[in-house]
Structure formats: structure tokens, C-alpha cells
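Worksheet: one structure, shown below.
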Amino acid sequence: MPRRPRGPRAHTEIRDAVLDSGLQAVNMPAEWGGAGLTILEQVTVQAELGRLTGALWDMVWRPANALSFCTPEQRERYLVPVIRGQRRDCYAVSEPEAGSDPQSLRTTATRTDGGWVLNGEKWFVTVGDHADFMIVLAAAGEEGAPTLFLVDKEMPGIEMTRVPRWMHTFVYEHPEFTFTDVRVPEDAVLGEVGNGYDITRSWFT
């Protein structure tokens, strides 16, 4: 029997199959290029995908719900390419001291001329090995307002420091990242400054 493709070729073949099936971005409206399914229809799709082993269900991508808060410009740069299978997002919330409690975050965003500077550390960033941009939760400004930032992964100052080994099998990894003086523009803010918790709660849901 011929060997099944792995690596980039496999990802490309699966992406094309997902697009052919019309199951890309089941949680996004059709006018943005998503499947536009109802909640019940999404549950049905996910239940069937859940029969797959190795968490292969995650290769049938769903953009993070948080990306529905994009501005029109952000939507064209980030969300629409994710829906088309051209980009992939990951959500950077957990930290060494915070666990799954985002209210304990220590990653900071300091305002600078024309934007922000991010410093901190994130753990358990699922799909972080494959994604090309991140949704990063940070405490912004002197008030420490919880805020989300859209950050391209190749930005200077971002380092994938460790890829923990797990007992379970998952098609993607859950790496750890550090952010050292990562400069992002003002329009990198997702939603508004200070509403990062509210948007993140919708993502957890």
C-alpha cells in the first residue's frame, strides 16, 4: 500500500478536502466565507469529527470566536485568511503562575509611540507550532487592563522556548512562548483595551 502523506503535503491535502466539503470555519458566517452553521449543526459536525483519533478533528479548523471582534481591516488580514485555510490562529492565555485563570496574568503591554510593547510568557498554546499568528492576552497600560493583541508569530522578540511532551496524542503541539520587547502597532488591539476577559470568556465557551 502507498504510504500516506505526512507533514506539509498532508496539511495541504486535508485543507483542500475541508474546503471541498464546505466545513471550513463552521462557526463563522457565510458572508465572511465560513460555513455559517447553526449551533446545533456545529455540534453535529464536531460530534462526528470527535470520532477521529489523535485529535485529527482539529485539522478541520474553526477560527477562534474572538476573531469575530476584528475590525474590517483586521478581518481581511487575519480572519478571512484563516477561514480560507491560508493562515492559522492560536490563543495565548495560560501562564506559569496563572494556569487557566486569565485574571492572574503577568504578561504586560506597555504603551509606546504608535503602539505597544509586549513582555511575558505563555504556556500550553495549542496549535502554537503550526499557527502563524497569535491572540495574546496581556495586562495593558498602567491600569493593567486585560487586552487582546493580534501578533504575527515571526515578530522579533517571540521565541518558542519549549514543546512539552504529553501522554495523549494530538495532531498539534502545545508549546511555550516568551515575549521580549515585542513591538506591535496600535491596530493590533483586538476589540477594545480592557475587554480581553469578556472576549476570552466567549472563546472558552
Side-chain angles (χ1 to χ4, degrees), residues 7-8 10-12 14-15 18 24-28 32 34 46 49 54-70 74-96 98-102 105-107 109 116 118-139 146-166 168-180 182 184 187-191 196-205:
H11 280 283
T12 299
I14 292 172
R15 180 199 65 197
V18 172
Q24 76 281 0
V26 296
N27 59 329
M28 291 294 165
W32 294 350
Q46 294 303 139
L49 291 174
L56 291 171
W57 51 265
D58 205 24
M59 298 190 79
V60 185
W61 64 92
R62 300 157 315 285
N65 293 338
L67 292 175
S68 63
F69 290 86
C70 282
Q74 290 172 334
R75 187 187 309 147
E76 291 303 312
R77 181 176 176 184
Y78 292 101
L79 178 55
V80 171
V82 173
I83 291 172
R84 293 173 177 167
Q86 299 164 344
R87 303 196 71 176
R88 186 68 190 260
D89 60 294
C90 62
Y91 217 112
V93 176
S94 298
E95 299 183 359
S100 59
D101 176 14
L105 81 161
R106 297 185 178 181
T107 297
W116 301 84
L118 305 181
N119 283 281
E121 185 174 4
K122 295 295 184 180
W123 283 17
F124 314 133
V125 183
T126 302
V127 195
D129 59 317
H130 184 69
D132 67 315
F133 74 94
M134 317 172 84
I135 303 169
V136 181
L137 180 65
T147 304
L148 293 173
F149 294 87
L150 296 167
V151 184
D152 293 313
K153 203 170 73 174
E154 76 274 7
M155 293 286 290
I158 298 177
E159 181 181 1
M160 189 165 69
T161 52
R162 192 169 77 97
V163 181
R165 299 294 89 197
W166 300 78
H168 74 295
T169 301
F170 202 90
V171 65
Y172 299 115
E173 303 288 356
H174 317 277
E176 299 169 5
F177 290 88
T178 57
F179 300 81
T180 306
V182 178
V184 296
D187 62 6
V189 173
L190 178 61
Y197 287 156
D198 292 336
I199 297 176
T200 298
R201 275 193 290 270
S202 73
W203 173 73
F204 277 124
T205 301

Kindly indicate whether the side chain of [X], heavy atoms from C-beta on, has any atom under 4.5 Å from the side chain of [Y].
X	Y	answer
C90	T126	no
R77	R87	yes
L79	D89	no
Y78	I135	no
W123	P164	no
Q46	V26	yes
F133	K153	no
V151	V182	yes

At what distance, to the nearest 0.5 angstrom, does [atom1] of [X] lie from [atom2] of [Y]?
X	Y	atom1	atom2	value
T200	L137	OG1	CG	5.0 Å
M134	M155	CE	CE	12.0 Å
Q86	D132	CD	CG	10.5 Å
R15	M59	CZ	CE	11.0 Å
T147	W116	OG1	CH2	6.0 Å

Set of ring-ring contact (aromatic ring centres under 6.0 Å, His included) partners for F179, sequence neighbours left out: none
W166 and H168 aromatic ring geometry - parallel, tilted or perpendicular at 30°/60° bounds: perpendicular
Pair K122 + E176: basic N to acidic O under 4.0 Å: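 Salt bridge flag = no for E176 with K122.
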E159 and E121: CA distance, side-chain angles, deciding distance, side-chain contact (heavy atoms from CB on, under 4.5 Å) verdict: CA-CA 10 Å; E159 181 181 1; E121 185 174 4; over 6 Å; no
Considering all heavy atoms, the nearest M160-P175 contact: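 Between these two residues, the closest heavy atoms are SD-CB, 3.4 Å.
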Side-chain H-bond candidate by donor/acceptor type, E95 with T107, under 3.5 Å: yes
Derivation of the side-chain contact (heavy atoms from CB on, under 4.5 Å) call for L105 and Y197: CA-CA 11 Å; L105 81 161; Y197 287 156; 3.2 Å; yes
Could you tell me whether the side chain of [X] and the main chain of [Y] form a donor-acceptor pair under 3.5 Å?
X	Y	value
N27	P63	yes
Q74	L67	no
W61	I83	yes

Sequence neighbours excluded - salt bridge (charged side-chain N to carboxylate O under 4.0 Å, His left out) pairs with any residue from residues 58-69: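 Output for this query lists D58-R62, D58-R88.
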